[in-house]
Amino acid sequence: MIVLPTEALEEYIENPLVKRLYLTDVGFFPMAKHHARIRKEGIEEYILLYCVEGCGHIWVKEKEYCLEKNQAFCIPSGQPHRYCACENDPWSVLWVHFKGTDTAFYPLEECKVVLPPPAEENRMLFLFGLLFSALEDDYSLGNFVYISQVLSLALAELYQRNYSPSNNGLSILPMLSAI
């Protein structure tokens, strides 16, 4: 779990490339038995949860959602909520708290379970890995810009990209290898 120090954020928050999307906390809880959280008031940030394995439950707006392997869910900013790992099959969950001016361009208020296509499931692991890697370095402007772009790509993968059976990104590989 990484929680960014307030002073690190304050230094770069007004940069046009950072303020669009920036994370405040990020983490991974493997096989998180007894993992639960209740926030009666919600929090300022959006919370993106990505289930790597197992399952958990999320309650938002008095509705329950089940989050299973390779599914994501975004809890809206300011929304009272609670979530917990399943007792018999606890989730391994990646999560990120984030804010920014570009949150308006994603359907983050819809409260729905999002399932990336099976061919793309490892991409979310890869993108979270990039976030962790950048945060292990330093809290420079360059890293904050990079983190903003990676977070934007993760949201685009989940909410904006149009998929079709022939549009899995692999069809271009034979052409690239010929170059």
Under 3.5 Å, side-chain donor or acceptor atoms of residues 73-94 against the rest of the protein: list the pairs with distances, not counting sequence neighbours.
residue: Ser77; atom: OG; partner: Glu44; partner atom: O; Å: 2.6
residue: His81; atom: ND1; partner: Gln79; partner atom: O; Å: 2.8
residue: His81; atom: NE2; partner: Arg39; partner atom: NH1; Å: 3.0
residue: Tyr83; atom: OH; partner: Arg39; partner atom: NH1; Å: 3.3
residue: Trp91; atom: NE1; partner: His35; partner atom: ND1; Å: 3.0
residue: Ser92; atom: OG; partner: Met31; partner atom: N; Å: 2.7
residue: Ser92; atom: OG; partner: Glu53; partner atom: OE2; Å: 3.1

Extract all donor-acceptor atom pairs below 3.5 Å that involve side chains of residues 124-146 and protein atoms in other chains or at least two apart in sequence.
residue: Asp138; atom: OD1; partner: Ser140; partner atom: N; Å: 3.2
residue: Asp138; atom: OD1; partner: Ser140; partner atom: OG; Å: 2.9
residue: Asp138; atom: OD1; partner: Asn143; partner atom: ND2; Å: 3.0
residue: Ser140; atom: OG; partner: Asn143; partner atom: N; Å: 3.3
residue: Asn143; atom: ND2; partner: Ala134; partner atom: O; Å: 3.4
residue: Asn143; atom: ND2; partner: Asp138; partner atom: O; Å: 2.9

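Partner Ser152 forms a side-chain contact (heavy atoms from CB on, under 4.5 Å) with one of Leu17, Ile147, Leu21 and no other, that one being Leu21.
Looking only at side-chain heavy atoms (C-beta outward), Ile58 and Leu49 come within less than 4.5 Å of each other. Between Leu48 and Tyr50 there is no side-chain heavy-atom pair separated by less than 4.5 Å. Taking the side chain as every heavy atom from C-beta outward, Tyr22 and Leu151 never approach each other to under 4.5 Å. Under the 4.5 Å side-chain criterion, counting only non-hydrogen atoms from C-beta, Phe29 is in contact with Trp95. In this structure, Phe98 and Ile47 have side chains that are not in contact, with every pair of non-hydrogen atoms separated by 4.5 Å or more.
Taking a 6.0 Å sphere around NZ of Lys61, one finds it holds more than 12 heavy atoms contributed by other residues, nucleotides or ligands.
In plain terms, the two heavy atoms of Asn70 and Val52 that are nearest each other are OD1-O, 4.3 Å.
Partners of Tyr106 according to the ring pair (Phe, Tyr, Trp, His ring centres under 6.0 Å) rule, which considers only residues two or more places apart in sequence or in another chain, do not exist here. Applying the side chain to side chain donor-acceptor pair (under 3.5 Å) criterion to Asp102, with sequence neighbours excluded, gives Arg20. Remark: Glu64 engages His57, Trp59 in a side chain to side chain contact (heavy atoms under 4.5 Å, CB included) (not counting sequence neighbours). By the side chain to side chain donor-acceptor pair (under 3.5 Å) test, Glu109 pairs with Tyr46, sequence neighbours left out. Here Glu110 pairs with Pro107, Lys112 under the side chain to side chain contact (heavy atoms under 4.5 Å, CB included) rule; sequence neighbours left out.
Sorted by first then second residue, the salt bridge (charged side-chain N to carboxylate O under 4.0 Å, His left out) pairs that include residues 71-80, not counting sequence neighbours, number zero.
Taken from CG in Asp25 to CD1 in Ile43, the straight-line distance is 7.0 Å, to the nearest 0.5 Å. From Cys51, atom SG reaches atom NZ of Lys69 across 9.5 Å, with rounding to the nearest 0.5 Å.
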